[in-house]
Amino acid sequence: MFENLNYLQLQQYWWIVISLLGGLFAFMMFVQGGQMILGKVSKNDEVLKTMLVNSLGRKWELGFTTLVLFGGALFAAFPLFYSTSFGGAYWVWMSILFCFIIQAVSYEYRKKPNNFLGQKVYELFLYINGSLGVFLLGVAIATFFSGSQFYVDEHNFSMWENSLRGLEALANPFNVLLGISLVFLVRILGAMYFINNIDNDTIRQRSVKSIKVDMIVFLVFFLNFLYFLFTKSGFSYNEKGYVFIEKYKYINNFLEMPIVGVIFVLGIVLVIISVFNTVERKKTSCIKIAGVGTVLTVMALFINVGFNNTSYYPSITDLQSSLTIQNSSGSQYTLTVMSYVSLLVPFVLAYITYAWYQMDKVKITKEEITAKDAHNY
Amino acid sequence: MDATLVDYSRAQFALTAIYHFLFVPLTLGLSFIIAIMETIYVKTNKQKYKKMTKFWMGLFAINFAIGVATGIIMEFEFGTNWANYSWFVGDIFGAPLAIEGILAFFMESTFFAVMFFGWDKVSKGFHLLSTWLVAIGSNLSALWILIANGWMQYPVGMKFNIDTVRNEMSNFLDVALSPVAVSKFLHTVGSGYVIAALFVVGISAWYLLKGKNIAFAKSSMLIAATFGLIVSIFLSISGDESAHQVALKQPVKLAAMEGLYEGKTQAGIVAFGILNKKKSVDNDEETYLFDFEIPYALSMLGYHDSFAYVPGLKDLVYGNEKYNIESAENKIKKGKIALDAFKEYKNFKEQNKLQEADNSKFLFETYKDYFGYGYLDNAKDILPPIGLTFYSFHIMVSFGMWFILLFIVILFLLLKKDILKQRFWLYASLYSIPLGYIAAEAGWIVAEVGRQPWAIQDLMPVGVAATNISSTNVQITFWLFAFLFTALLIAEIKIMTKQIKIGPNGGH
């Protein structure tokens, strides 16, 4: 089956897979969003806070796993990106990693007796992971459009041309806009998740209130990001792989790939409808539609930057070192083998959905959390 | 490349791996022990087995979190600290990592939530299935990462592409079913099972010493000791196969494991010995200050033939014509020819001199198997740290023997029903918990230190594999990781000991 695809088609297939994983990861970051608004929603009521933490704690690993898979898939499918970005933007990625290590232990250790650092420290860890971790991820992803300072030598070994090793991306307002947009998007998703997963009126009301504010901030930053994205020049390449600057590249990509453009618009519309239904029509299950919207929006952005002869990881110090899905991918054989493995993804999604459905059939209640033999976070 | 950078990059990866390997082996084994306990509960419907399952599951969860946290660091450190390596082998190494993510991690993380929070939400059968799937998922995860590691020890199933300057996979099954990878997987997960068995036996022994939770402790001990005995015997068999693979694929490592400088037939194994620090491949000093040798055993272990010739470190550095062993010096010369040919090929291609480029490519192809040696300067660079490898190997084997004895004695005492009076063996069980970890870490040192200077055996030395970055950056992150991991380890130990003191009747 996959043997019949040519090299470029396989590269495109794998970029779509990466885009899907990126979208799923963005959605799964509702956990990080929820972590950020723990204090706001619980207002230091310990029982409410425990309900919120437990609600998130039963899902945190899926987000973590999606991040690992996203990294693993990039390593296998686009190893030159893996070595260039992770080795080059060293401090950005290291900071992201630190944010994620402290999350992993916080749920399990927070409430345990004799936990060495104290409950408040673990809650601070969750906040740092939620805010800083997500913001930095947004900044790192924005460099797909804004470019980074590196070149690739004759061994295909990459050299970073800025001693700040990725932190310089923080000085670019364009990158910061996406970082902040992502932070507020996941806060909205986190609040929607609480509304759907927890049976408690106080939590619902406070979550709705949180969504109202966060949606306004999100729209301000995201629309600004889109304005800059659609008016900026982009990084194109021709059939010989020669990279050059093209005006209005990213808006042109949506116009030249209308299906991707429609997916993008549809994704945004779904998020907006979900917010409207949650706030105005008091619906409780809008996380599902918002999740689909988030996945579609992020996927479309990734496809925009990877397809239509676009360099998805541009070098602004040596344009010809820019990475494209064609010059940075794994070999045809590896992509073929990996494509067969990717056929398992629907099965994985099916059992995740089934297990998730089984667990969430009964919403979290105060009674469950305060039960004597409950395994609580 | 800056030696400080390479040293710190290695230290950082070693630090992460050592911490990771403190938590993961317990996870691998304890998940199966818990699954066995829950199966007994579902079969018998006796509440004491449910309580037992829940108690050990609680300790499993505390341990699991840091294992996951350190695991993600390792995956990304391939990119952050070993960027050149990740391009050079990403085409092969990335695939098992991605498969690990799809097949194993999701299984583990999905059913982990059901296992802990699904007791009253899903059916008994589905809950039991979830517990088994967590165990299978965590072990599948180990399988794929060890396949990747096995490839680094014995690179197969690939060809070098001079145009992309990397190794590209040519046969996935050769990579996945490599004998080194298979034996490495079996031996490593086996060590995890033994650690978990020691953990359960040791903590149960502590309860018996304190006179607390006696029935609970005896039942837990019986299950864990039975499991431990079976897997520790299996571990010795898989260890034998591992050593055989090392002898065939990494003879320098085998010689370092035994401190064997002069090759010989009918080589014996040093059961106990102290290395002479003055000994090197360049002098005739005595190898050991003291040693006790088991005759024929090394030839037997390495080649399954008690009369086989086992090459020593001198043979491997300086060569041995009689046994057709090529010197490292010669390999380095050939490697440099390959490197020069590669550079010429690139230059000629840039200048569009296609005929000359073809000639250079032909020369490169002739010597490409020695490409990695071209980066070395001195024949003795092929030697790993001998002392560390030697002592680590002997610690691992000695402790392995001790564990078999311990499990046999504990089972015997349990079945005779007088274990409460045997305080020596109860203390021995308790103090054997750290020995399990030491043995596993020692085994990891043998595997990873023993193959130095290679990041990928014979293909890429660690000096070339590291990211091009100033060493200060890596030094800072090294200390940050050291601080953070240590703080988390302290937290884990304190929480774990508290939960053990609370015991199975205290709940969470």
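Values below: all heavy atoms of this structure, side chains included; hydrogens, waters and symmetry mates excluded. Per chain, numbering begins at 1; letters A, B, ... match sequence-line order.
Heavy atoms closer than 4.5 Å to chain A are found nowhere in Thr70(B), neither backbone nor side chain. Only the side chain of Glu108(A) comes within contact range of chain B, with heavy atoms under 4.5 Å apart. For chain B, the nearby part of Met338(A) is the side chain; its heavy atoms alone come within less than 4.5 Å. Only the side chain of Phe111(B) comes within less than 4.5 Å of a heavy atom in chain A; its backbone stays farther off. If you measure heavy-atom distances from Thr84(A) to chain B, you find no contacts under 4.5 Å at all. Proximity to chain A (any heavy atom under 4.5 Å) is restricted, for Lys346(B), to the side chain, taken from C-beta onward.
Within 6.0 Å of CZ on Phe347(A) lie no more than 12 heavy atoms contributed by other residues, nucleotides or ligands. The local environment of NZ in Lys501(B) is sparse, with at most 12 non-hydrogen atoms from other residues, nucleotides or ligands closer than 6.0 Å. In Phe2(A), the CZ atom is crowded: over 12 heavy atoms of neighbouring residues, nucleotides or ligands sit closer than 6.0 Å.
The shortest heavy-atom contact between Ala65(B) and Ala104(A) is CB-O, 3.5 Å. Taking each heavy atom of Met107(B) and Tyr351(A) in turn, the nearest pair found is N-OH, 3.0 Å. Across all non-hydrogen atoms, the minimal contact from Ser331(A) to Arg166(B) is N-NH2, 3.4 Å. Annotation for Ala113(B) and Arg58(A): closest pair CB-O, 3.6 Å, computed over non-hydrogen atoms. In terms of heavy atoms, Ala76(A) sits closest to Ala95(B) at CB-N, 3.6 Å. Annotation for Val68(A) and Glu75(B): closest pair CG1-OE1, 2.7 Å, computed over non-hydrogen atoms.
When the candidates Asn161(B), Asn473(B), Val474(B) are compared by the number of heavy-atom contacts under 4.5 Å with chain A, Asn473(B) comes out ahead. Contact count against chain A (heavy-atom pairs under 4.5 Å) is highest for Thr80(B) among Ile72(B), Thr80(B), Ile99(B), Leu97(B). Comparing Tyr109(A), Tyr107(A), Trp356(A), Phe70(A) by heavy-atom pairs within less than 4.5 Å of chain B, the highest count is held by Tyr109(A). The choice from Ile92(B), Ile490(B), Ile493(B) that makes the most heavy-atom pairs within less than 4.5 Å of chain A is Ile490(B). In terms of heavy-atom pairs under 4.5 angstrom with chain A, the leader among Val122(B), Ile469(B), Leu488(B) is Ile469(B). In terms of non-hydrogen atom pairs under 4.5 Å with chain B, the most contact-rich of Ile102(A), Val348(A), Val362(A) is Val348(A). In terms of heavy-atom pairs under 4.5 Å with chain A, the best-connected choice from Phe485(B), Phe117(B), Phe105(B) is Phe117(B). Heavy-atom pairs under 4.5 Å with chain B were tallied for Ile352(A), Asn156(A), Leu97(A); the largest tally goes to Asn156(A). Ranking Leu80(A), Leu344(A), Val337(A), Leu74(A) against chain B, the residue ahead of the rest is Leu80(A), based on heavy-atom pairs under 4.5 Å. When each of Phe76(B), Phe116(B), Phe172(B) is checked for heavy-atom pairs under 4.5 Å with chain A, Phe76(B) comes out on top.
Within the 4.5 Å cutoff, the side chain of Ile102(B) has heavy atoms near those of the Val345(A) side chain. Side-chain contact between Glu168(B) and Tyr333(A) is absent, with no heavy-atom pair separated by less than 4.5 Å. In this structure the side chain of Leu484(B) reaches within 4.5 angstrom of the side chain of Phe98(A), judged on heavy atoms. Counting heavy atoms from C-beta outward, Ser86(B) and Phe75(A) have side chains that approach closer than 4.5 Å. By the 4.5 Å heavy-atom criterion applied to side chains, Val68(B) and Trp60(A) are counted as neighbours. Residues Phe86(A) and Glu77(B) have side chains not in contact (no heavy-atom distance under 4.5 Å, counting atoms from C-beta outward).
Under 3.5 Å, the side chains of Ser83(A) and Tyr85(B) contain no donor-acceptor pair of N or O atoms. Checked by atom type, the side-chain pair Asn468(B)/Trp160(A) shows no donor-acceptor distance below 3.5 Å.
For the pair Asn114(A) (side chain) and Lys498(B) (backbone), a donor-acceptor distance under 3.5 Å is absent. Tyr82(A) places no side-chain N or O within 3.5 Å of a backbone atom of Gly90(B) that could act as its donor or acceptor partner. Side chain of Thr334(A) to main chain of Asp91(B): a donor-acceptor pair is present (N/O by atom type, distance under 3.5 Å, no hydrogens or angles).
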Could you walk me through whether Phe126(B) and Tyr354(A) pass ring pair (Phe, Tyr, Trp, His ring centres under 6.0 Å), step by step?
CA-CA 11 Å; Phe126(B) 185 54; Tyr354(A) 178 71; 5.4 Å; yes

Does the salt bridge (Lys or Arg N to Asp or Glu O under 4.0 Å) test come out yes or no for Lys349(B) and Glu154(A), once each step is laid out?
CA-CA 12 Å; Lys349(B) 261 200 104 178; Glu154(A) 76 277 7; over 6 Å; no

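Checked for salt-bridge contact, Lys112(A) and Glu492(B) miss the test: no charged N lies under 4.0 Å from a carboxylate O.
With rounding to the nearest 0.5 angstrom, the NZ atom of Lys59(A) is 11.0 Å from the OG atom of Ser109(B). Here CH2 of Trp93(A) is found 14.5 Å from CG of Asn81(B). Values are rounded to the nearest 0.5 Å. The distance from atom CD1 of Ile495(B) to atom CG of Asn115(A), rounded to the nearest 0.5 Å, is 5.0 Å.
The aromatic ring centres of His155(A) and Phe342(B) sit less than 6.0 Å apart.
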